[in-house]
Amino acid sequence: MKDDSIHDIVKILRKETKKWNTPIVSLMSQTERDPFKILIATVLSLRTKDEITAKAANKLFQVADNPYDMLKLKEEEIASLIYPVGFYRRKAKNIKEICKVLIEKYNGKVPDEIDELLKLPGVGRKTANLVVTLGYGKPGICVDTHVHRISNRLGYVNTKTPEETEFALREKLPKDYWIEINDLLVSLGQHICHPTSPKCSQCPIEKYCDKRDVKRSR
DNA sequence: AAAACGGGGGC
DNA sequence: GCCCCAGTTTT
């Protein structure tokens with residue numbers, strides 16, 4: 001694709017994604033911007049589907065919606081509350097540890113710096129960027145496998161890892177689109193542009209796409 | 001029955 | 001860089 005096609009692509013996807021189910025990230029951004037909830041919900045969401053994540057997060061937040069209350073829960077209690085999400089055992093452990101660190105090191109608050117967030121267990125670049133952008137409204141680009149795969153498939157970037165994609169997009173992508181690009185491409189990725197056998201004939205931006213295969217999608 | 005799945009960490 | 005993780009939905 002040509003670099004300046006990005007404006008058309010965003011415009012088209014803004015319209016198209018409204019027809020589809022809203023991913024958890026935009027759900028959270030619409031309803032509330034509590035950085036703690038966004039952090040925990042994002043940890044829960046890793047490699048699990050939206051609806052399952054949303055249910056689990058709501059159940060957990062009903063019992064505890066701040067690090068102090070959440071730390072009082074036993075690991076097994078958290079695990080059973082969040083159950084159907086993938087890796088629930090490990091996530092329950094990480095969540096307790098995150099709460100502990102937030103209280104001890106950050107006075108019960110969620111840090112607003114990527115580098116600080118990355119020190120928390122179970123938090124990588126995707127999660128850190130999501131907290132910073134949605135929770136604090138700071139500039140950042142949240143790159144998951146969808147953003148990585150589709151950016152490469154379009155021919156907008158040429159990168160091997162999600163981290164490289166993040167930095168490449170920081171160079172090229174107009175800043176106005178930084179925060180929403182994740183939501184747009186994730187929606188497209190879930191409904192049309194699957195990792196294998198994408199539905200190109202139904203794709204609203206097919207004419208812009210180079211259809212290059214990503215080097216590594218995970 | 002296999003593969004795929006909205007990352008991150010350990011090696 | 002490679003491999004594992006955990007359980008549900010697709011193919």
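Order of the sequence lines fixes the chain letters, A, B, ..., with proteins taken first and strands second; residue numbering starts at 1 for each chain.
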Using OP1 and OP2 only, check whether a side-chain N or O of A:Thr127 sits under 4.0 Å from B:dG7. no

Nearest 0.5 Å please: distance from the CG atom of A:Leu184 over to the CZ atom of A:Arg14. 7.0 Å

Roughly how far, to the nearest 0.5 Å, is OG of A:Ser5 from OH of A:Tyr156? 9.5 Å

Any donor-acceptor N or O pair under 3.5 Å, side chains A:Asp183, A:Thr17: no

Between the side chains of A:Ser151 and A:Thr165, does any donor sit under 3.5 Å from an acceptor? no

Find the distance [X]:[atom1] to [N]:[atom2] and express it as a whole number of Å.
{"X": "A:Leu117", "N": "B:dG8", "atom1": "CG", "atom2": "P", "result": "12 Å"}
{"X": "A:Leu44", "N": "C:dA6", "atom1": "CG", "atom2": "P", "result": "15 Å"}
{"X": "A:Lys119", "N": "B:dG9", "atom1": "NZ", "atom2": "P", "result": "14 Å"}
{"X": "A:Arg47", "N": "C:dG7", "atom1": "CZ", "atom2": "C1'", "result": "11 Å"}

Between protein and nucleic acid, restricted to nucleotides 9-11 of chain C and to nitrogen or oxygen atoms under 3.5 Å apart, what atom pairs and distances do you find?
none

Are any side-chain N or O atoms of [X] and backbone N or O atoms of [Y], one a donor and one an acceptor, separated by less than 3.5 Å?
{"X": "A:Asp34", "Y": "A:Phe36", "result": "yes"}
{"X": "A:Asp144", "Y": "A:Val147", "result": "yes"}
{"X": "A:Arg33", "Y": "A:Gly137", "result": "no"}

Between A:Thr48 and A:Glu164, the residue closer to the 5' end of DNA chain C by nearest nucleotide is A:Glu164

Look at all strands and tell whether A:Pro84 reaches a base, only sugar-phosphate, or nothing, counting heavy atoms closer than 4.0 Å. nothing

Using a heavy-atom cut-off of under 4.0 Å over every strand shown, decide if A:Val147 touches base, sugar-phosphate, or nothing. nothing

Near DNA chain C, counting only heavy atoms under 4.0 Å, which residues of residues 87-102 of chain A show up? A:Phe87, A:Tyr88, A:Arg90

Is the NZ or CZ atom of A:Arg90 positioned over A:Phe87's six-membered ring, under 6.0 angstrom from the centre and within 45° of the axis? yes

Expressed in whole Å, how much space separates the P atoms belonging to B:dG10 and C:dA6? 14 Å

